[in-house]
Amino acid sequence: MKLFIFALIAGGLVSSGAMAQEPAELSPGTPIIENFVIDRSDRMTVQVQVNGSEAVPFIVDTGAERTVIANDLARKLLLEAGPVLTLATISGRTQVNSFFIERLTTAAVNLEGLEAPGLERTNLGAYGLLGIDSLEDARVHLDFANKKMDVLPSRKTRSKTKLENGMIVVSAQKKAGRMIISSARIDGIRVDIILDTGAQSSMANLVLRDKLRRRHRTGEYLPVKMTSVTGAILDGEYTQLREIEVGGLTINDLPITFARNYAFTALGLEERPAILLGMDALKLFDRVLIDFSNRRVGFDLPKGVERKSDARMASAY
């Protein structure tokens, strides 16, 4: 079985290859709950119960096909071992162990009979990831103004514009369960954007890099290394994109890393310009609402930015 997990770890994008600090290990006599805070990229967590356990923080990952559990939590809960799975990450394919979860619940999600890949918590940055298998009928509400995230039940609607009051709405399509916006353009180049709340840094494929280089002969690229959820290292080239136009919005000076990311290959996007839009870009908005059931995304502009069709945003970087 082949699974797709595209997230970067909390340690993220570094030029030195440094790794994130590992959270304290669980000891047999201590509670499972740990006060996990928002990491450096503002990837946020929701509280999850596994087989009725105490609630623990999971990262909501709209770029991951399957829900994942940290190995130490699975061992603490005495979960039954599952088969070895082939996992596709940003750096390629690798084999990992898995665990059987009888029941996984959040305030809005109730899943039964999961076969979850097991990964090291130091690479995940939390006790697990909620993948798109948990989000098919849900809305993911990222409230950056109040630093919180909610997974809410989706509400079916016939309206093509109404999502949340005050939000600018962009239509999306689903590909392998993931939400993709195909109306984006960079320098007139049409670009597919995959919304990836599990990635702390936005990444683009080499096709887009090469097209932009042909249009702009000059430009600075900084060699960097990224670490995947399995701990594997991926080389990339870091720069800034001057403008991205998305459904009437314009994001300026977005930090981006070009890399031979296997995620684009797995989604069939290696030969057309594409970006995995991570939390560094999403957190430029006050709120983002990703509605899987209705295939729409809502963006709430920061206070002080006019809400009009040609609204523009400047990055804080």
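- Side chain of Thr62 to main chain of Thr197: a donor-acceptor pair is present (N/O by atom type, distance under 3.5 Å, no hydrogens or angles).
- Considering OG1 of Thr227 and CD of Gln200, their distance stands at 9.0 Å, rounded to 0.5 Å.
- Note that OG1 of Thr257 and OH of Tyr238 are 7.0 Å apart. Values are rounded to the nearest 0.5 Å.
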Q: Would you check, one step at a time, whether the test side-chain hydrogen bond (donor to acceptor under 3.5 Å, both in side chains) holds for Thr106 with Gln47?
A: CA-CA 6 Å; Thr106 73; Gln47 295 298 307; over 6 Å; no
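- For the pair Asp235 and Lys225, the salt-bridge criterion is met [side-chain N within less than 4.0 Å of a carboxylate O].
- The backbone N or O of Ala126 sits nowhere less than 3.5 Å from a side-chain atom of Arg121 that would complete a donor-acceptor pair.
- Across all non-hydrogen atoms, the minimal contact from Asn110 to Arg103 is OD1-CG, 3.7 Å.
- Looking at every heavy atom in both residues, Leu73 comes nearest to Phe58 through CD2-CE1, 4.2 Å.
- Once rounded to the nearest 0.5 Å, the distance linking OG of Ser202 with CD1 of Ile244 reads 7.0 Å.
- The line from CD of Glu112 to OG1 of Thr105 is 10.0 Å long, rounded to the nearest 0.5 Å.
- By the criterion of side-chain heavy atoms lying less than 4.5 angstrom apart, applied directly or through intervening Ile, Leu, Val, Met, Phe, Trp or Tyr residues, Leu254 is grouped together with Leu206 in one hydrophobic cluster.
- The two residues Arg178 and Leu267 make their nearest non-hydrogen contact at NH1-CD2, 3.6 Å.
- In terms of modelled atom types and a separation under 3.5 Å, the side chain of Arg190 and the main chain of Ser182 share a donor-acceptor contact.
- Residues Val46 and Val109 form no side-chain contact, since every pair of their non-hydrogen atoms from C-beta on lies 4.5 Å or further apart.
- Of the residues Leu208, Asp192, Val207, the one that meets the side-chain contact (heavy atoms from CB on, under 4.5 Å) test with Arg272 is Asp192.
- Remark: the backbone N or O of Phe292 is paired with a side-chain donor or acceptor of Lys174 at under 3.5 angstrom.
- The two residues Leu234 and Ile90 make their nearest non-hydrogen contact at CD2-O, 3.8 Å.
- Residues Arg242 and Asp253 are not paired through a salt bridge, judged by the lack of any N-O separation under 4.0 Å between the basic side chain and the carboxylate.
- A side-chain N or O of Ser134 and one of Thr67 form a donor-acceptor pair less than 3.5 Å apart.
- Taken to the nearest 0.5 Å, the CD1 atom of Ile290 stands 8.5 Å off from the CD1 atom of Ile181.
- In this structure, the side chain of Asp196 engages the main chain of Gly198 through a donor-acceptor pair within 3.5 Å.
- We find that Glu237 and Arg213 are joined by a salt bridge, their nearest charged nitrogen and carboxylate oxygen being less than 4.0 Å apart.
- For the residue pair Phe144 and Leu282, the shortest heavy atom distance occurs at CE1-O, 3.2 Å.
- For Asp291 and Arg139, the salt-bridge test fails: no basic side-chain N is under 4.0 Å from an acidic carboxylate O.
- With no hydrogens or angles considered, no side-chain donor-acceptor pair links Asn261 and Asn205 at under 3.5 Å.
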Q: Could you walk me through whether Val48 and Leu104 pass the side-chain contact (heavy atoms from CB on, under 4.5 Å) test, one step at a time?
A: CA-CA 7 Å; Val48 172; Leu104 184 145; 3.6 Å; yes
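- Residues Leu130 and Leu77 fall within the same hydrophobic cluster, defined by Ile, Leu, Val, Met, Phe, Trp and Tyr side chains chained together at heavy-atom separations under 4.5 Å.
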Q: Could you please spell out the steps behind the salt bridge (Lys or Arg N to Asp or Glu O under 4.0 Å) verdict for Arg215 and Asp187?
A: CA-CA 9 Å; Arg215 297 192 178 201; Asp187 277 359; 5.6 Å; no
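- Between the side chain of Arg214 and the backbone N or O of Leu212 there is no donor-acceptor pair closer than 3.5 Å.
- The structure places CD1 of Ile168 at 4.5 Å from CG of Leu249, a figure rounded to the nearest 0.5 Å.
- Asn97 places no side-chain N or O within donor-acceptor distance of the main-chain N or O of Val84, the cut-off being under 3.5 Å.
- Following chains of ILVMFWY side-chain contacts shorter than 4.5 Å, one cannot reach Phe100 starting from Val50, and the two form parts of different hydrophobic clusters.
- Side-chain atoms of Ser98 come within 3.5 Å of backbone atoms of Pro83 as a donor-acceptor pair (strictly under, hydrogens ignored).
- A donor-acceptor pair shorter than 3.5 Å cannot be found between the side chains of Ser293 and Glu136.
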